[in-house]
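The structure appears below as structure tokens.
As a basis for the values below, the full set of heavy atoms in this structure was taken, side chains included, without hydrogen atoms, waters or symmetry mates. Because the structure is predicted, anything quoted here is derived from the model rather than measured. Chain letters run A, B, ... following the sequence lines, proteins first, then strands; residues in each count from 1.
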There are 2 protein chains.
Amino acid sequence: MDNKTKILECSLELFSLHGFNSIGIQDIVDKVGIKKPTLYHYYGSKEGLLQSLLSEHFKPFNNAVRQAADYHGDLPKTLNEVAFAFISFAKDNKNFYRMILSMSFDPPESITLKTVTPFLTEQFQLIEELFIKASNNHGNLKGRHMRYAVSFIGMLNTYISLLLNEHVSLTDDLVYNVVHQFMHGIFS
Amino acid sequence: MDNKTKILECSLELFSLHGFNSIGIQDIVDKVGIKKPTLYHYYGSKEGLLQSLLSEHFKPFNNAVRQAADYHGDLPKTLNEVAFAFISFAKDNKNFYRMILSMSFDPPESITLKTVTPFLTEQFQLIEELFIKASNNHGNLKGRHMRYAVSFIGMLNTYISLLLNEHVSLTDDLVYNVVHQFMHGIFS
DNA sequence: CAATCACTATACCGGTTGGTACACTAATTT
DNA sequence: AAATTAGTGTACCAACCGGTATAGTGATTG
């Protein structure tokens with residue numbers, strides 16, 4: 001594998017474990033086995049490296065979400081597909097998901113939040129649009145698009161956190177259970 | 001106000017806005033208007049400052065949660081009281097809540113996560129115990145204490161995030177809506 | 001009055017940070 | 001064969017980091 005790719009892999013592992021701010025360029029190049037100018041040749045700056053790392057993984061992720069969130073009249077089915085897109089991506093990209101989940105709660109003025117926000121906004125809009133379209137068939141959703149989009153993603157991330165920490169395992173019915181709880185609560 | 005207190009206030013504001021790692025001791029003492037040895041006299045180290053800052057706010061917070069989570073046979077009522085404890089504390093301590101919410105998603109090896117974890121664990125146990133006791137009256141909760149405790153806190157934090165970003169305002173029925181959604185889902 | 005105390009200022013430390021100037025090599029292009 | 005190019009190593013930089021040795025302050029206590 002070439003150095004350019006190896007840099008992405010190693011920095012992802014280090015960032016997800018220790019955080020973007022706690023990892024120095026020197027840590028990364030040491031792990032890859034190269035010298036600093038090589039990294040700067042490819043990515044220009046630490047921020048540029050983060051940008052490349054994010055778009056590399058977010059593009060396929062958000063494409064999968066867009067496909068899953070395409071509404072065709074069956075809200076429960078669509079929510080299930082969205083949940084599956086999130087959970088299976090998180091399972092296949094544990095380090096990356098850990099990192100973006102962390103960054104999405106980073107302080108308002110941090111570079112990390114500012115860099116990750118556009119990708120998260122795109123996700124949010126896909127889900128919000130889904131609830132807007134579904135509100136034609138479900139009157140009680142009207143005027144609550146934003147709240148439900150946020151709380152649906154919130155619930156997904158809550159269960160994905162459990163998954164990442166291995167407090168719960170990815171069984172076939174996890175997706176079903178999450179969506180069911182979101183739709184009908186805990187009393188059923 | 002004395003310097004010792006002013007240090008706590010200023011560091012909270014800086015940490016919540018920029019993050020613990022991005023703020024240097026120099027930033028804090030500049031904002032307070034003192035010199036470094038004064039800060040080190042009171043708090044010994046940057047980590048000691050964080051520890052003091054956390055316990056200062058977490059003690060009253062968790063006491064309020066403990067009182068609210070005391071189960072007496074009415075689960076919806078108790079959940080409402082817990083939700084109120086969380087939401088009203090968050091509203092009165094926006095900077096602090098923003099900071100701990102961020103720290104609770106920090107990377108596994110970070111000092112911030114390790115320092116905040118004991119306080120969050122205490123919270124979690126209070127809520128989990130509530131669901132364990134309630135499962136005597138609600139058979140369908142059995143064996144799901146952990147998942148429900150986590151997802152209840154997760155939902156609270158999801159709505160508190162909205163509150164902190166002022167995407168939703170603290171009306172009288174916010175607490176009711178959150179608990180209702182948790183118990184009965186979005187279809188009711 | 002002398003001694004102790006909590007507190008604060010000056011000045012400094014070794015180590016690390018993100019980033020770079022420059023030289024070199026090996027492959028590709030002309 | 002000459003020139004260009006991408007990629008990499010050596011050595012270095014100013015700025016900043018958390019932390020401290022030391023001395024001095026003014027108020028309290030013996």
Which parts of nucleotides 11-16 of chain C does protein reach within less than 4.0 Å, heavy atoms only, written one letter per nucleotide 5' to 3' as B for base, S for sugar-phosphate only and - for none? ------
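In terms of the side chain to side chain contact (heavy atoms under 4.5 Å, CB included) criterion, residue partners of A:P108 (sequence neighbours excluded) are, by chain and number, B:L17, B:R98. Applying the side chain to side chain contact (heavy atoms under 4.5 Å, CB included) rule to B:E13 yields the partners B:K31, B:N95; only residues at least two apart in sequence or on another chain are considered. Residues satisfying the salt bridge (charged side-chain N to carboxylate O under 4.0 Å, His left out) criterion with B:K114, sequence neighbours excluded, are B:E109. Residues forming a side chain to side chain contact (heavy atoms under 4.5 Å, CB included) with A:S11 (at least two apart in sequence, or on another chain): A:F15, A:I28, A:L49, A:L53. Applying the side chain to side chain contact (heavy atoms under 4.5 Å, CB included) rule to B:E9 yields the partners B:M1; only residues at least two apart in sequence or on another chain are considered. Scanning for side-chain hydrogen bond (donor to acceptor under 3.5 Å, both in side chains) contacts around B:T112 gives B:D106, B:S110, with sequence neighbours left out.
Side-chain atoms of B:I186 and A:F152, non-hydrogen and from C-beta on, never get closer than 4.5 Å to each other.
Considering only side-chain N and O atoms, B:N3 lies under 4.0 angstrom from the phosphate OP1 or OP2 of C:dT8.
In this structure, B:I111 atom CD1 and D:dG18 atom P are separated by 10 Å, rounded to whole Å. Atoms NZ (B:K6) and C1' (C:dT8) sit 13 Å apart, rounded to a whole Å.
Annotation: side chain to side chain donor-acceptor pair (under 3.5 Å) contacts involving residues 37-48 of chain B, sequence neighbours excluded, are absent. Contacts classified as side chain to side chain donor-acceptor pair (under 3.5 Å) and involving residues 155-164 of chain A (residues at least two apart or in different chains) are given here: A:Y97-A:N157, A:Y159-A:Q181. Pairs passing the side chain to side chain donor-acceptor pair (under 3.5 Å) check and including a residue from residues 63-73 of chain B, sequence neighbours excluded, read B:N63-B:R66, B:R66-B:E122, B:Y71-B:N137.
Contacts between residues 12-28 of chain A and DNA chain C, counted as heavy-atom distances below 4.0 Å, involve A:I23, A:G24, A:I25. Only A:Y40, A:S45, A:K46, listed by number, bring a heavy atom of residues 38-53 of chain A to less than 4.0 angstrom from any atom of DNA chain C.
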